[in-house]
Amino acid sequence: MKQSELLALLKEMTLEEKIGQLFQSSPEFFKGSKNRGEITGPMKTMNIDEAIVSNVGSVLGATGASEIISIQKEHLKNNRLGIPLLFMADVIHGYQTIFPIPLAIGSSWDLELAEESAKVAAKEAAVSGLHLTFSPMVDLVRDPRWGRVMESTGEDAYLNGEFGKAFVRGYQGDDLKNDLDRIAACVKHFAGYGAAEGGRDYNTVDVTEWQLREYHLPAFKAVLDEGVKMVMTAFNTVKGIPATGNKWLMRDVLREEWGFDGVVISDWGAVLEQVNHGVAKDDKEAALKSIIAGVDIEMMTPTYVHNLKELIEENKIQESLIDEAVLRILELKNELGLFENPYRAADESLEKTIVFSDEHRQLARKLATKSAVLLKNENVLPLTSSQKIALVGPFANNTDLLGAWSCNGSTEEVTTLAEGMAEKLAENSLFIAEGCDIETGTEKQWETAKEAILKADVVVLALGESSDMSGEAASRADIKLPKAQLELIQRVKQLNKPTVTVLFNGRPLDLHGVIDTTEAVLEAWYPGSEGGRAVADLLFGDENPSGKLTMSFPYSVGQIPVYYNAFNTGRPKGAEDNPEKYVSKYLDIPNAPLLPFGFGLSYTNFEYTDAHLSDSILNENNSITLTVNIKNTGNHRGEEVVQLYIQDRHGEVVRPLKELKGFKKIFLDPGETKEVTFEINEKMLRYHHFDFKFTSDEGEFIAYVGPNSRDVIELPFKLEKS
Ligand code: GLC
């Protein structure tokens, strides 16, 4: 449709028809729907009749070409002007072929593979009838008690922005109208959701505007600049006002300052939740605040459909406010080509060959091998197929490897670790036993496990959190492995067999009792549909672990929040053995995290030599080059993520001890050396000053290069301004 036709359509619409476009509900209200769709929030009674349903603009949580085609067909019969529905869902890390969780994909530091995974997810979702995904989530996370860290790519805003852009490129491509294998993307949760106090989901967020602009907003801006089509509001408060009714955030920043003219959707029920927050006395005031704030679509609560007409009649709002929201929604439907073809790529027969194809599963397996992080290895890994191996633990033969946001993925389609390992071993070389359940264990389970272990040369413990222990509404105050599993480790240790722990979990854990007790630890996260084979590939050295943590593992929950880009403070402790009393420290634990941002081991070693800068003076018009040689000094081929950090020694506001400014993942054969270079320019040194001006200051800086945020080589330089 041409823009003029859209405007003509808008003109033709009654007020009820316009307001209906601003409402999104789950599929059960629609004729042709076979099920309720995925429920990801509290269900409110909607009190909506057929007249309202016939005007609804979009549906969330329906999946499958047949279901979506039948809902659309029925809807078009009942919608007076034939305005098609928009179908949206949470395709967070895969549609039916499930990739590792985003916190794992982030640990791959592989933007191309991340983009590829989103492209596959889009292809499967599109042929299954979907038009848009509620992804990427780019919330900055620093508190592993929060269950939703599994959906993020970690504690660095720059890296989250890079991954968010890669996901958007993969989902949307560059021609949504004609490339029917792509779908629109929605960046979330705008903004600051990851800073929930106490790591407790939906809790108060209270960060300053400076922190918002310096840490929580940049990844959103990066993704908006990449062309994401939709923004989802966060549940939390921003500067004391819930995001979903926050005019400053949604209009002044998002639309005026950043120029976003796409669709804004509330999170599930967040419009009405302004009443719980205590900023709206009833659903009518909630609707008023959100529509004024520029929230176009209300998800899963009916305050708009029940109140907007009255608010116009009472002259509390102008109809033009509704028109601008409706037009943005019609424009998005038009960009997707829905007016020409309301069924877009939905195709029941093609769905059978495209969804969960071998090619897609191979990509999931590859990405899972790149996302796992080797945390420790005292000459136990890789295993060999001549060994007799006891595989013990609640994840030994467990299909719960998809994580909490697995969309249409089904655990029945998951390859377990036992299956993956059995494919690598001769008969009677693998002895499998649970040893305990996720949270409880019995003597019988232990006795069976002990039998298996006594027959083996080496033990692989498969431990972790069940997928419902992370994700939305799944915060944990204790981030250790459940007690039964820690006890299992202690009992296994008594049998004196070399032991490898593989972790399947959705957050950084307190690894005391794990990493200090077993000879090797592999962080596999929730590795997805092909997780069992991928982990087996890594355990047997067919793939060499190359993942690096994008979220610090705290020494203990008492240390949270702990993150690499911290400030020095006025009384820095500095070295852990500093005996001074009056410094910023704990009496009972170190300041440093157990494992730092950027950390990850390999089966080989990488040596960094000849690191140098092309010049020690930088100005606004030139750039300087950091060069370093990386040599694979071991006997395994492998990949290394070379990381560039920069510290601004003095700023108008405090500046972090270091900030990630670049990274390169390189492949090296044994004995091979590669030269790696990074361009450093003035733009990389800019930050938000007290007045929020985003500029750099001349002065002293230090560039750091290394394999993680802790073990780095220092290279000082100066910025001089003309
Ligand atoms: C949920 C989540 C959000 C998701 C939405 C739709 O409550 O907060 O991330 O996209 O509802 O399922």
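Just follow the structure's listing: the first ligand is 1, and inside any ligand the first atom is 1. Throughout, residue positions are numbered sequentially from 1 according to the sequence presented.
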### Query
Do Asn408 and Gln96 have a side chain donor and acceptor closer than 3.5 Å?
yes
### Query
Is there a donor in the side chain of Tyr193 and an acceptor in the side chain of Asn236, or the other way round, less than 3.5 Å apart?
no
#### Entry: Polar proximity ligand 1 side, Trp405 side, N/O cut 3.5 Å exclusive
no
### Query
Quick one: does Met232 get within less than 4.0 Å of ligand 1, heavy atoms only?
yes
### Message
Are Phe597 and Trp109, when compared by the centres of their aromatic rings, separated by less than 6.0 Å?
### Response
yes
### Query
So, is Glu151 polar-close to ligand 1, with some N/O to N/O distance under 3.5 Å?
no
### Query
Would you call the rings of Tyr202 and Phe235 parallel, tilted or perpendicular, where under 30° means parallel and over 60° means perpendicular?
perpendicular
#### Entry: Best match, Met300, Glu472, Arg148: closest heavy atom to atom 1 (C) of ligand 1
Glu472
### Task
Return yes when His189 approaches ligand 1 closer than 4.0 angstrom through a heavy atom, no otherwise.
yes
### Message
Between ligand 1 and Asp267, is the shortest N or O to N or O distance under 3.5 Å?
### Response
yes
### Contacting atoms of ligand 1, where contact means under 4.0 angstrom from a heavy atom of Lys188
3 (C), 4 (C), 9 (O), 10 (O)
### Message
Check whether Asn246 reaches the backbone of Ile241 with its side chain - one donor and one acceptor, N or O, closer than 3.5 Å.
### Response
yes
### Query
Between Arg142 and Tyr215, is NZ or CZ placed under 6.0 angstrom from the six-membered ring centre and within 45° of the ring axis?
yes
### Message
Closer than 4.0 Å to some heavy atom of Trp268 - which atoms of ligand 1 meet that?
### Response
7 (O), 11 (O)
### Query
Between the side chains of Thr303 and Glu298, does any donor sit under 3.5 Å from an acceptor?
yes
### Message
If we only consider heavy atoms of Met88, is any one of them less than 4.0 Å away from an atom in ligand 1?
### Response
no
